[in-house]
Asks: 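I am attaching a structure below and will ask some questions about it afterwards.
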Amino acid sequence: MDFNHLLKENMTVLEVMELDRVLFGKNEDQDTEMFNQSHRSYDKNTILKILNYQKEYNLNNSQLSNQFKISRTTITKWKRLMNFT
(Lines give C-alpha, C1' and ligand atoms only; values in the text may rest on other atoms or scores of the structure.)
Protein backbone atom coordinates (compact mmCIF):
# COMPACT_ATOMS: atom_id res chain seq x y z
CA MET A 1 0.00 0.00 0.00
CA ASP A 2 1.16 3.50 -0.78
CA PHE A 3 0.55 6.04 2.00
CA ASN A 4 2.70 8.84 0.58
CA HIS A 5 -0.41 10.89 -0.19
CA LEU A 6 -1.14 10.98 3.56
CA LEU A 7 2.26 12.36 4.49
CA LYS A 8 3.31 15.96 4.31
CA GLU A 9 6.08 17.99 5.82
CA ASN A 10 4.28 20.02 8.51
CA MET A 11 1.43 17.93 9.84
CA THR A 12 -0.88 19.21 12.56
CA VAL A 13 -1.66 17.16 15.64
CA LEU A 14 -5.12 16.40 14.26
CA GLU A 15 -3.62 15.15 10.99
CA VAL A 16 -1.20 12.91 12.88
CA MET A 17 -4.07 11.50 14.94
CA GLU A 18 -6.06 10.80 11.77
CA LEU A 19 -3.05 9.14 10.14
CA ASP A 20 -2.60 6.96 13.23
CA ARG A 21 -6.26 5.95 13.07
CA VAL A 22 -5.99 5.10 9.34
CA LEU A 23 -2.80 3.08 9.76
CA PHE A 24 -3.53 1.26 12.99
CA GLY A 25 -7.31 1.37 13.33
CA LYS A 26 -9.06 1.30 16.67
CA ASN A 27 -7.67 -1.97 18.02
CA GLU A 28 -6.29 -0.44 21.21
CA ASP A 29 -7.37 -1.82 24.53
CA GLN A 30 -8.68 0.59 27.14
CA ASP A 31 -5.39 0.78 29.11
CA THR A 32 -3.38 1.64 25.99
CA GLU A 33 -5.91 4.25 24.94
CA MET A 34 -5.84 5.90 28.38
CA PHE A 35 -2.02 5.93 28.39
CA ASN A 36 -1.85 7.47 24.91
CA GLN A 37 -4.45 10.09 25.74
CA SER A 38 -2.63 11.20 28.87
CA HIS A 39 0.52 11.83 26.84
CA ARG A 40 -0.96 13.92 24.03
CA SER A 41 0.06 17.47 23.49
CA TYR A 42 -1.77 20.10 21.46
CA ASP A 43 -0.36 23.27 19.95
CA LYS A 44 -2.25 26.55 19.91
CA ASN A 45 -3.34 26.16 16.29
CA THR A 46 -4.80 22.71 16.94
CA ILE A 47 -6.61 23.88 20.06
CA LEU A 48 -8.21 26.69 18.06
CA LYS A 49 -9.24 24.24 15.32
CA ILE A 50 -10.89 21.99 17.89
CA LEU A 51 -12.71 24.92 19.52
CA ASN A 52 -13.82 26.22 16.12
CA TYR A 53 -15.09 22.73 15.26
CA GLN A 54 -17.22 22.87 18.40
CA LYS A 55 -18.62 26.23 17.40
CA GLU A 56 -19.21 25.22 13.77
CA TYR A 57 -21.13 22.06 14.67
CA ASN A 58 -22.82 23.59 17.74
CA LEU A 59 -21.48 20.95 20.15
CA ASN A 60 -21.44 21.20 23.91
CA ASN A 61 -18.29 20.37 25.87
CA SER A 62 -19.40 16.78 26.50
CA GLN A 63 -20.02 16.11 22.82
CA LEU A 64 -16.69 17.66 21.84
CA SER A 65 -14.99 15.66 24.58
CA ASN A 66 -16.36 12.42 23.13
CA GLN A 67 -15.50 13.40 19.56
CA PHE A 68 -11.82 14.11 20.23
CA LYS A 69 -11.34 12.03 23.40
CA ILE A 70 -10.36 15.07 25.42
CA SER A 71 -11.58 15.74 28.95
CA ARG A 72 -14.29 18.33 29.48
CA THR A 73 -12.02 20.01 32.01
CA THR A 74 -9.33 20.44 29.37
CA ILE A 75 -11.82 21.96 26.92
CA THR A 76 -13.04 24.41 29.56
CA LYS A 77 -9.43 25.31 30.41
CA TRP A 78 -8.63 25.90 26.72
CA LYS A 79 -11.65 28.17 26.33
CA ARG A 80 -10.57 30.20 29.33
CA LEU A 81 -6.94 30.45 28.18
CA MET A 82 -7.85 31.34 24.60
CA ASN A 83 -10.62 33.77 25.59
CA PHE A 84 -12.87 31.73 23.36
CA THR A 85 -16.59 32.42 23.55
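Just so you know, residue 1 is the first one in the sequence shown, and it goes up from there.
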Asks: To the closest 0.5 Å, what do you measure between CG (L48) and NZ (K55)?
Replies: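 If we round to the nearest 0.5 Å, L48:CG and K55:NZ are 11.0 Å apart.
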Asks: Atom CG of N45 and atom CD1 of I50: how far apart are they, to the nearest 0.5 Å?
Replies: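 That separation rounds to 10.0 Å.
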Asks: Can you measure from CG (N61) to OG1 (T76) and round to the nearest 0.5 angstrom?
Replies: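 Result: 4.5 Å between the selected atoms.
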Asks: When you compare the side chain of Q54 with that of Q63, does any pair of heavy atoms fall below 4.5 Å?
Replies: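 Counting from C-beta outward, Q63 and Q54 never come under 4.5 Å.
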Asks: If you measure from CD1 on I47 to CE on M82, what distance do you get to the nearest 0.5 Å?
Replies: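 Interatomic distance, I47 CD1 to M82 CE, rounded to 0.5 Å: 4.0 Å.
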Asks: On a heavy-atom basis, which atom in F68 and which in Y53 lie closest, and how many Å separate them?
Replies: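 Looking at all heavy atoms of both residues, the closest pair is CE1-CD2, 3.6 Å.
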Asks: Under a 4.5 Å cut-off applied to non-hydrogen side-chain atoms, are Y57 and Q67 in contact?
Replies: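 Side chain of Y57 against side chain of Q67, heavy atoms only: no contact under 4.5 Å found.
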Asks: Taking side chain as C-beta onward, heavy atoms only, is W78 less than 4.5 Å from I70?
Replies: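 Yes, side chains in contact.
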